[in-house]
Amino acid sequence: AQSVTQLDSHVSVSEGTPVLLRCNYSSSYSPSLFWYVQHPNKGLQLLLKYTSAATLVKGINGFEAEFKKSETSFHLTKPSAHMSDAAEYFCVVKAGGYNKLIFGAGTRLAVHP
Amino acid sequence: DAGVIQSPRHEVTEMGQEVTLRCKPISGHDYLFWYRQTMMRGLELLIYFNNNVPIDDSGMPEDRFSAKMPNASFSTLKIQPSEPRDSAVYFCASSLAGYNSPLHFGNGTRLTVT
């Protein structure tokens, strides 16, 4: 069975400091993994996706994630947080079922001046 | 590319009334999904379509909920009769076929049932 766990429900950082949002997954298949961001009153926007082509994936807005099979992790990072990064972030694993996604519970990122 | 378009953005209705939510997927996308988001339960998949055909509706809460996709460019989610516990944000999403194809989400409809 597939599952995804976001290890922190809330993360708070200062502007200009690094961001780390943690995600662990389990999958019986070679997984597809995604990170989405949701700003208030908006839909989910794709940040990046892992599709087995490269373990380090670069996304929009300076975010990147590294797929580590040995650790079953897909953590999201950004070197320097910006106020506009404050949002909720979802780690998502593609289940074996065609086009069915499993969403993590979300991590709310707060960025302080 | 206009993205996935949902209407209305906000809907306030009284218990017992019929509610219809609308979605226009991205042109050319093969799959359409309806999700519901609440604080308590997070994101829940209600139903999804492939080439206008419902594939899995196991997430639809009960018979009060129904969804249709009469053509490739339009889908509706109907609740009849509505209840206060249906209050949530409802998202429509679409995607291309392919294991690695991501979902593209609309901005959602915030439904409040009083």
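Predicted model only: the values in this text are computed from it and were never measured. Note on naming: letters A, B, ... go to the chains in the order of the sequence lines (proteins, then strands), and numbering restarts at 1 for each one. Heavy-atom basis, side chains included; hydrogens, waters and symmetry copies ignored.
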Trainee: Which heavy atom of A/K49 sits nearest a heavy atom of B/P102, and at what distance?
Mentor: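 Closest pair (atom of A/K49, atom of B/P102, distance): NZ-CD, 3.7 Å.
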Trainee: Distance from B/Q37 atom CD to A/F90 atom CZ, nearest 0.5 Å?
Mentor: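 So the CD of B/Q37 and the CZ of A/F90 are separated by 5.0 Å.
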Trainee: For B/P81, check side-chain contact (heavy atoms from CB on, under 4.5 Å) against everything at least two apart and list the hits.
Mentor: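 Partners of B/P81 under the side-chain contact (heavy atoms from CB on, under 4.5 Å) test: B/R64.
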Trainee: I need the contact set between residues 31-48 of chain A and chain B: heavy-atom distance under 4.5 Å, sorted by residue number.
Mentor: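 Within residues 31-48 of chain A, near chain B: A/P31, A/S32, A/F34, A/Y36, A/Q38, A/N41, A/K42, A/G43, A/L44, A/L46.
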Trainee: Within a reach of under 6.0 Å around CG of B/D63, are more than 12 heavy atoms found that belong to other residues, nucleotides or ligands?
Mentor: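 At most 12 heavy atoms, drawn from other residues, nucleotides or ligands, come within 6.0 Å of this atom.
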Trainee: Under 4.5 Å from any heavy atom of chain A, what part of B/R110 do you find: side chain, backbone, both or neither?
Mentor: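 Contact with chain A involves the side chain of B/R110 alone.
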Trainee: Are there residues of residues 5-13 of chain B whose heavy atoms fall under 4.5 Å of chain A's heavy atoms? If so, which?
Mentor: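 At a heavy-atom separation under 4.5 Å, chain A is reached by B/R9.
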Trainee: I'd like to know if A/V57 and A/I60 are part of one continuous hydrophobic network [Ile/Leu/Val/Met/Phe/Trp/Tyr, side-chain heavy atoms within less than 4.5 Å].
Mentor: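 Same cluster: A/I60 reaches A/V57 through Ile, Leu, Val, Met, Phe, Trp or Tyr contacts under 4.5 Å.
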Trainee: Is B/D56 close to chain A through its backbone or its side chain, or both, or neither, when contacts mean heavy atoms under 4.5 Å?
Mentor: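 For B/D56, the side chain is the part near chain A, not the backbone.
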Trainee: Keeping to residues at least two apart or across chains, list the disulfide (SG to SG under 2.5 Å) pairs with something in residues 30-90 of chain A.
Mentor: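 Output for this query is empty, none listed.
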Trainee: Are B/Y90 and A/F103 linked, directly or through intermediate hydrophobic residues, by side-chain heavy-atom contacts shorter than 4.5 Å (ILVMFWY only)?
Mentor: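 A/F103 and B/Y90: separate clusters.
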Trainee: Taking a hydrophobic cluster as the set of Ile, Leu, Val, Met, Phe, Trp and Tyr residues connected by side-chain heavy atoms closer than 4.5 Å, whether directly or through intermediates, do A/Y89 and A/M83 fall within one such cluster?
Mentor: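 In one cluster with A/Y89: A/M83, yes.
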Trainee: Rounded at 0.5 Å granularity, tell me how far CG in B/L45 sits from CD1 in A/I102.
Mentor: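 Nearest 0.5 Å value for the CG-CD1 distance: 10.5 Å.
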Trainee: Hydrophobic cluster membership, with links at side-chain heavy-atom distances under 4.5 Å among I/L/V/M/F/W/Y: are B/V4 and B/M69 in one?
Mentor: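 No.
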Trainee: Under 4.5 Å between side-chain heavy atoms, counting indirect links through other Ile/Leu/Val/Met/Phe/Trp/Tyr residues: same cluster for A/V13 and A/L7 or not?
Mentor: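 Different clusters.
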Trainee: Inspect the surroundings of CD in B/E62 and state if more than 12 heavy atoms from other residues, nucleotides or ligands are less than 6.0 Å away.
Mentor: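 Correct, the count exceeds 12.
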